[in-house]
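Position 1 is the first residue of the sequence, and the numbers go up from there. In each ligand, atom 1 is the first atom listed, and ligand 1 is the first ligand listed.
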Amino acid sequence: MKRVAILISGGGSNMLRLIESMTGDHPARPVLVASNDPSAAGLAHAAALDVPTAAVDHRDFPRDRAGFESALLEPLLAAQPDIICLAGFMRILTDGFVRRFQGRMLNIHPSLLPKYPGLDTHARAIAAGDAEAGATVHLVTPELDAGPILGQTRVPILPGDTPETLAARVLVQEHRLYPAVLRHFAKGQGEAVLL
Ligand code: GAR
């Protein structure tokens, strides 16, 4: 059975879908949900599902990303994860941290990568006049949002869409995509998931 740790910063709706998916014949189980924000709503939701939680407040480490990461590594390494899922984790990780888990750290990003790495993806897709938006699950590499793509889901951009309406449409699909990709990945199956 593969051990999965999930890193979040906020509500954690993707994290909850991942946890809910890891039952029955699923090849993985959740062993930790950790956040850089002790007030992240997702922590309480994970605890309610009996998943161990940890919080390391990045604001306790001003201008000290490495210090924050070594504090985060304590509960993370103690949980002995085989796979780490970033699910709405909004801190940029150092190369050293990424390399330590390279090949077994996944991220979900709300755009059709390689389009729109970084922030404000939905506003940028609307401003560009794109017909489609979506989300991508990829392996994390030191370059931001640029690792090998494991799965992608597409939605139409509709007339009158705002970043908020588009984000809501994409999020529904994220909730299908991330569990599907994790199941594949935990089974060691390589081909990309397209929803
Ligand atoms: C999701 O839309 C996810 O794709 C995005 O944050 C949201 C988190 O929602 N991630 C990023 O923007 C990463 N750069 P959630 O907390 O409800 O899962």
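Defined by atom type and a distance below 3.5 Å, a donor-acceptor pair is missing between the side-chain atoms of Asn107 and Tyr178. Donor-acceptor pairing under 3.5 Å is recorded for the side chains of Gln173 and Arg176. Judged purely by distance below 3.5 Å, without hydrogens or angles, the side chains of His175 and Ser13 pair a donor atom with an acceptor atom.
Put simply, the residue from His58, Arg59, Glu69 that forms a side-chain hydrogen bond (donor to acceptor under 3.5 Å, both in side chains) with Asn36 is His58.
By the salt bridge (Lys or Arg N to Asp or Glu O under 4.0 Å) test, Arg63 pairs with no residue at all, sequence neighbours left out.
Put simply, Leu18 and Val33 are part of the same group of oily side chains (I, L, V, M, F, W, Y) that touch within less than 4.5 Å, one to the next.
Taking a heavy-atom cut-off of under 4.0 Å, ligand 1 is surrounded by Gly11, Gly12, Ser13, Asn14, Gly88, Met90, Ile108, His109, Pro110, Leu171, Glu174.
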